[in-house]
Amino acid sequence: MNNTLKHWREAATLILTAGCQHLSAIPKSTPQGPWHSQQKTTTFDYEVLLLLRSQSSGFFPNAFVFPGGLAEPSDFSSDWVKVFERHAQKPNFGLGVVKQPPYTRPPMFITDRTKFGSPIPGEVAFRICAIRETFEESGILLVVPENSSIEDNQNFMAAYEQDAKAIARWREEVQSDPLRFIEMCKELRCVPNIWALQEWANWLTPVPPKNVARRRYDTAFFICCLPRKPYTMDDQKEVTNFKWWTPKETINESQNNAWIPPPQIYELSRLCNFTHLEDLQRFALHRGLEGCERFCPIIIHAKDGVMSTLPGDELYPKDPDLTGQTHKIYSIDRTVEEVCQDGGSLHRMIIGNRAPQIFITTELKYKHVKPQLQQQDDIEPKSQL
């Protein structure tokens with residue numbers, strides 16, 4: 001665990017998707033025809049887990065978010081070497097080696113953890129963190145038998161649902177002390193299914209305005225596809241409610257009353273490219289080792305509002321102040337509409353009273369898919385700009 005960070009803390013979150021037998025997507029073999037474009041909605045054969053943060057939460061209170069939280073020292077504990085004994089000698093415990101050049105890799109992944117006394121690579125520890133936090137917040141336990149193969153674990157693996165009483169007891173213990181997650185795995189003779197979590201994104205909380213105290217997090221986003229929805233239960237502490245929604249349902253809810261933060265909207269808009277869980281799982285599995293780009297939104301002040309720009313946007317600074325130490329304010333003497341209508345290289349979000357509106361004309365790095373753009377008053381997608 002990196003204790004030298006001054007401006008933010010490291011965290012991990014999980015985009016957890018699960019198949020739904022009662023939902024049917026348009027068959028892949030069905031030809032595209034005039035009837036297809038006239039359909040009002042496109043159904044998905046999977047849903048995504050969103051958790052409602054409590055009002056007292058220190059980060060995103062009253063918001064629907066993906067499960068996740070702060071990395072703990074226990075996630076980097078050397079005791080995990082014994083738990084992962086069959087895999088500890090493999091590169092990244094069998095996760096494989098990411099193709100992304102090291103000099104472009106997000107710092108949280110490329111940091112040498114042995115400098116902080118941990119033999120656990122960041123790619124492994126942050127997956128453990130995401131799995132542990134998902135268990136604490138939703139009761140969903142993503143573990144597999146200690147003798148299972150990596151190849152099997154990468155496929156559609158159901159959540160662990162044996163001995164509900166014992167799991168409920170362990171959940172309370174892990175909530176009180178994250179170190180107990182290691183003891184639970186030893187007793188159940190299981191390992192966190194890190195191989196089912198594919199690297200998806202990395203978001204760094206933007207710099208807050210001067211004199212505004214706001215927590216910041218460098219967060220690894222992983223994605224996991226389950227064949228069916230597992231039993232889910234909020235903890236009535238950090239999480240007061242939960243919803244399983246399709247990606248478009250979630251975006252639609254954000255346009256009504258549900259508050260869903262911009263990073264979640266962006267990633268859900270990416271998921272809108274996939275109506276079939278099988279296609280999403282295949283894409284995530286094969287793209288995961290390409291790597292990802294760290295997104296730290298930079299706020300640009302226009303004459304009549306603000307824009308949240310992302311890497312690749314023509315207004316995104318070449319050398320942005322990610323720490324906030326300079327208190328630099330980025331501004332432009334034009335309206336938001338004027339800037340967005342100019343065309344050019346766009347990769348930005350316009351955040352108003354409703355769901356953020358995404359503008360993107362740039363190609364994303366590392367073979368990632370673009371967000372599918374949404375109209376403000378409809379969940380049906382517009383063509384990408």
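Bear in mind that the values here come from a model prediction, so they are computed numbers and not experimental data.
- What you find for C129 and D75 is that their closest heavy atoms are CB-OD2, 3.3 Å.
- Between the side chains of W200 and E267, at least one donor N or O lies within less than 3.5 Å of an accepting N or O.
- Between atom CZ of residue F295 and atom CE of residue M349 there is a gap of 9.0 Å, rounded to the nearest 0.5 Å.
- Across N202 and C292, no two heavy atoms sit closer than the pair CB-SG, 3.9 Å.
- Under the 3.5 Å distance criterion, the side-chain polar atoms of S54 are left unmatched by any main-chain donor or acceptor of T240.
- To the nearest 0.5 Å, the span separating OH on Y316 from OG on S308 amounts to 9.0 Å.
- A donor atom on one side chain and an acceptor atom on the other are not found under 3.5 Å apart for Y366 and E293.
- Using a cutoff of 4.0 Å between basic side-chain nitrogens and carboxylate oxygens, R113 and E123 are not scored as salt-bridged.
- Here D313 pairs with R348 in a salt bridge; the nearest charged N to carboxylate O distance falls below 4.0 Å.
- Closest approach of F221 and W203 over heavy atoms only: CE1-CD1, 3.5 Å.
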Test log, rule side-chain hydrogen bond (donor to acceptor under 3.5 Å, both in side chains), inputs S148 and N153: CA-CA 7 Å; S148 58; N153 298 337; 3.3 Å; yes
Audit row: T43, D45, side-chain hydrogen bond (donor to acceptor under 3.5 Å, both in side chains) steps and yes/no: CA-CA 7 Å; T43 53; D45 64 5; over 6 Å; no
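- Counting only distance, with no hydrogens or angles, the side chain of R171 and the backbone of E136 share a donor-acceptor pair below 3.5 Å.
- A salt bridge links R282 and E278; the closest N-O separation between the charged side-chain nitrogens and carboxylate oxygens is under 4.0 Å.
- In the hydrophobic cluster analysis, where Ile, Leu, Val, Met, Phe, Trp and Tyr join through side-chain heavy atoms closer than 4.5 angstrom, L364 is grouped together with L268.
- Salt bridge present: K370 and E363 bring a charged side-chain N and a carboxylate O closer than 4.0 Å.
- In this structure, H368 and F283 have tilted ring planes: the angle between them lies in the 30° to 60° band.
- The two residues P320 and Y330 come nearest to each other via the heavy atoms CA-OH, 3.8 Å.
- One distance of note links CD1 of I265 with CD1 of I358; it measures 7.5 Å at 0.5 Å rounding.
- Ring geometry for F44 versus Y46: interplanar angle over 60°, hence perpendicular rather than tilted (30 to 60°).
- Using a 4.5 Å heavy-atom threshold, the side chains of E253 and L50 count as separate.
- When each of R294, K6, R9 is paired with D218, the salt bridge (Lys or Arg N to Asp or Glu O under 4.0 Å) condition holds for R294 and for no other.
- Residues V98 and E290 share a closest heavy-atom pair of CG1-C, 3.9 Å.
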